[in-house]
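Encoded as structure tokens, the structure appears first; notes follow it.
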There are 2 protein chains.
Amino acid sequence: MRADAARNRERLLDAASRIVAERGVDAPLEEIARQAGVSIGTLYNHFPTREALLDAVLVGRLASLDRLGSEALAAPDPWDGFAGFVEGLFALQAENHGLNDAIARAGSFSPEAAAACHRGFRHVDQIIARAREAGRLRPDFETADLITLVWAVSQVIRESMSAAPDAWRRFLAFFLDGLRPGAARPLPVEPLGPDRLAAILGPPPAT
Amino acid sequence: MRADAARNRERLLDAASRIVAERGVDAPLEEIARQAGVSIGTLYNHFPTREALLDAVLVGRLASLDRLGSEALAAPDPWDGFAGFVEGLFALQAENHGLNDAIARAGSFSPEAAAACHRGFRHVDQIIARAREAGRLRPDFETADLITLVWAVSQVIRESMSAAPDAWRRFLAFFLDGLRPGAARPLPVEPLGPDRLAAILGPPPAT
DNA sequence: AATCAAGTTGAGATCCCCCTCAATTTATTG
DNA sequence: CAATAAATTGAGGGGGATCTCAACTTGATT
């Protein structure tokens with residue numbers, strides 16, 4: 001690769017990181033090219049689709065979900081594992097608007113991102129089961145409820161990121177207090193079934 | 001007003017109700033005109049701005065928040081009043097995407113809508129205070145936390161409305177279980193101050 | 001039925017974004 | 001210092017949305 005091309009690629013990645021962080025995965029590509037000091041054509045040379053650029057910018061951070069899930073399962077206390085996972089997950093989303101969008105949409109904009117999210121969520125069934133079985137998490141909380149929580153918190157983050165970047169922690173604390181077995185009261189409706197979840201999220205990636 | 005004009009106005013309101021319900025407050029105006037069987041020019045004759053049309057379509061329903069707030073304060077049991085208010089509020093949001101958008105944005109697209117939302121939330125301070133003082137609601141829950149909850153639930157509704165229109169009820173149940181005094185554990189961060197809230201929502205309407 | 005204000009129309013100006021490609025510039029190599 | 005392959009450029013085509021206005025049609029009135 002020619003030296004100028006390598007340089008431009010770096011500049012594009014820099015600009016994309018910055019702008020996707022600020023404006024989310026739908027940020028205008030022209031803006032990214034402009035900030036990189038490069039023409040829109042060059043952007044398309046390096047990244048033929050928005051998805052390619054988002055992959056380059058986001059998948060690395062998304063991969064950190066992996067470790068988070070493993071650590072949660074390995075935590076000595078099952079509740080701490082569970083709560084640590086959701087806190088770590090949302091802390092990642094709260095890093096920037098791009099990650100928040102990516103996780104809230106389960107990476108649906110690209111196979112790479114979808115796979116990264118899927119891998120990151122690989123252990124949630126076990127994390128939840130372990131905490132439930134230890135009697136530390138209410139028994140009627142299911143994986144689908146965590147998905148719903150992700151939608152909810154993603155919006156709290158979206159709205160409050162600029163003015164109060166920690167506001168989601170307070171929201172989450174209220175919610176977690178409702179997940180202790182002692183707090184549980186009967187729930188009014190059934191959890192989302194896999195079919196309905198798939199209707200919203202799209203099919204899970206093949207692997 | 002001429003008969004044809006009255007007829008077209010009705011058709012526009014019908015179409016707008018339907019389409020805003022389905023697609024939210026950003027639905028394309030051309031689509032509304034098309035479904036009303038009327039040209040885009042006629043739409044603009046009757047409603048010079050999107051806001052005027054949204055007001056006509058949404059403010060009536062938003063006004064029902066008023067009664068909801070009063071009833072909540074009048075409820076014999078303070079907790080039931082509080083929980084009934086939030087359930088009624090979200091049930092209204094869950095009616096359609098337009099209302100959901102309108103309430104989530106605090107009606108910021110027009111003074112009328114903003115005023116309607118503001119009126120509807122007039123009593124929340126008291127509703128919360130009453131439940132707290134009765135020892136039925138945890139004492140660290142504040143009005144700003146309800147705003148955060150509105151953001152959160154609005155997203156749950158947005159995502160799940162078509163596939164599982166009741167999913168928000170389950171989410172809310174978890175959250176409410178965390179709001180009982182017995183469930184309360186220390187919160188990690190302070191509530192959103194009025195300044196930060198204003199930075200996000202815009203200034204409250206004058207009245 | 002003639003008149004005319006009221007109402008309707010839709011092409012087109014404007015904006016914003018996506019994406020392409022022929023022409024041009026630039027880095028590298030012998 | 002050519003020669004040439006690699007890379008860059010940005011105008012332009014296309015889509016979708018908002019909003020306007022001069023020309024036209026229609027309902028009400030006498």
Side-chain angles (χ1 to χ4, degrees), chain A residues 1-58 97-98 101-102 105 108-113 158, chain B residues 1-58 97-98 101-102 105 108-113 158:
Chain A
M1 176 179 296
R2 249 167 62 171
D4 53 347
R7 199 179 341 116
N8 284 337
R9 177 166 243 278
E10 277 318 298
R11 286 182 182 171
L12 279 166
L13 287 172
D14 273 16
S17 294
R18 236 175 316 123
I19 292 174
V20 169
E22 279 167 20
R23 313 199 18 187
V25 297
D26 296 320
L29 299 179
E30 314 244 16
E31 173 74 6
I32 292 172
R34 214 177 49 69
Q35 286 231 13
V38 134
S39 84
I40 182 68
T42 296
L43 183 151
Y44 278 98
N45 274 353
H46 288 277
F47 305 98
T49 61
R50 171 188 296 277
E51 294 66 48
L53 183 54
L54 290 176
D55 279 351
V57 162
L58 296 176
H97 285 286
D101 289 353
R105 301 185 193 179
S108 63
F109 50 81
S110 92
E112 307 280 327
R158 208 164 281 130
Chain B
M1 175 179 295
R2 254 166 59 171
D4 55 346
R7 199 180 338 116
N8 285 338
R9 177 168 243 277
E10 278 317 299
R11 286 183 183 168
L12 280 166
L13 288 173
D14 273 16
S17 295
R18 235 176 316 122
I19 292 173
V20 169
E22 279 167 19
R23 315 199 18 189
V25 299
D26 296 320
L29 298 179
E30 314 241 19
E31 174 75 5
I32 292 173
R34 216 176 49 70
Q35 286 230 14
V38 134
S39 85
I40 183 67
T42 296
L43 184 152
Y44 278 98
N45 273 351
H46 288 277
F47 305 98
T49 62
R50 172 188 296 277
E51 294 67 48
L53 182 54
L54 289 176
D55 279 351
V57 161
L58 295 176
H97 284 286
D101 289 352
R105 302 185 194 179
S108 63
F109 49 81
S110 91
E112 307 278 329
R158 207 165 281 130

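So that the names make sense, note that chain A is the first sequence line, chain B the second, and so on, each numbered from 1.
- Nucleotide D:dG16 holds its P atom 13 Å from the CZ atom of B:R34, rounded to whole Å.
- Between B:R158 and B:D101, at least one side-chain nitrogen of the basic residue sits less than 4.0 Å from a carboxylate oxygen of the acidic one, meeting the salt-bridge criterion.
- Contact record, A:A5 with A:H46: O-CE1, 3.2 Å, taken as the closest heavy-atom pair.
- Here D:dA17 presents its P atom at 12 Å from CD1 of B:I32, a figure rounded to the nearest Å.
- Between B:E31 and B:R23, some side-chain heavy-atom pair lies under the 4.5 Å cut-off.
- As judged by a 4.0 angstrom heavy-atom cut-off over every strand, A:I40 is placed among the base-contacting residues.
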Inset, instruction - Spell out protein contact along nucleotides 23-30 of chain C as letters: B when the base is contacted, S when just the sugar-phosphate is, - when no protein heavy atom is under 4.0 Å; keep the 5' to 3' order. - result: ---BSS--

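- Looking at residues 42-51 of chain A, you'll see A:Y44, A:R50 sit with a heavy atom under 4.0 Å from some atom of DNA chain C.
- Minimum heavy-atom separation, B:F47 to B:A56: CE2-CB, 3.9 Å.
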Please tabulate, for the side chains in residues 7-16 of chain A, all donor-acceptor contacts under 3.5 angstrom to protein atoms that are two or more places apart in sequence or on a different chain.
| unit_1 | atom_1 | unit_2 | atom_2 | d |
| --- | --- | --- | --- | --- |
| A:N8 | ND2 | A:D4 | O | 3.4 |

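- Closest-nucleotide positions on DNA chain D for A:E30 and A:V38 were compared, and the one nearer the 5' end corresponds to A:V38.
- For the pair A:I32 and A:I19, the tightest heavy-atom approach, listed with the atom from each and the gap, is CA-CD1, 3.7 Å.
- One atom, CG of B:D26, and another, C1' of D:dA17, lie 11 Å apart when rounded to the nearest Å.
- In terms of modelled atom types and a separation under 3.5 Å, the side chain of A:R50 and the main chain of A:V25 share a donor-acceptor contact.
- An OP1 or OP2 oxygen of D:dT8 is reached within less than 4.0 angstrom by a side-chain nitrogen or oxygen of A:N8.
- The shortest side-chain heavy-atom distance between B:Y44 and B:T49 does not fall under the 4.5 Å cut-off.
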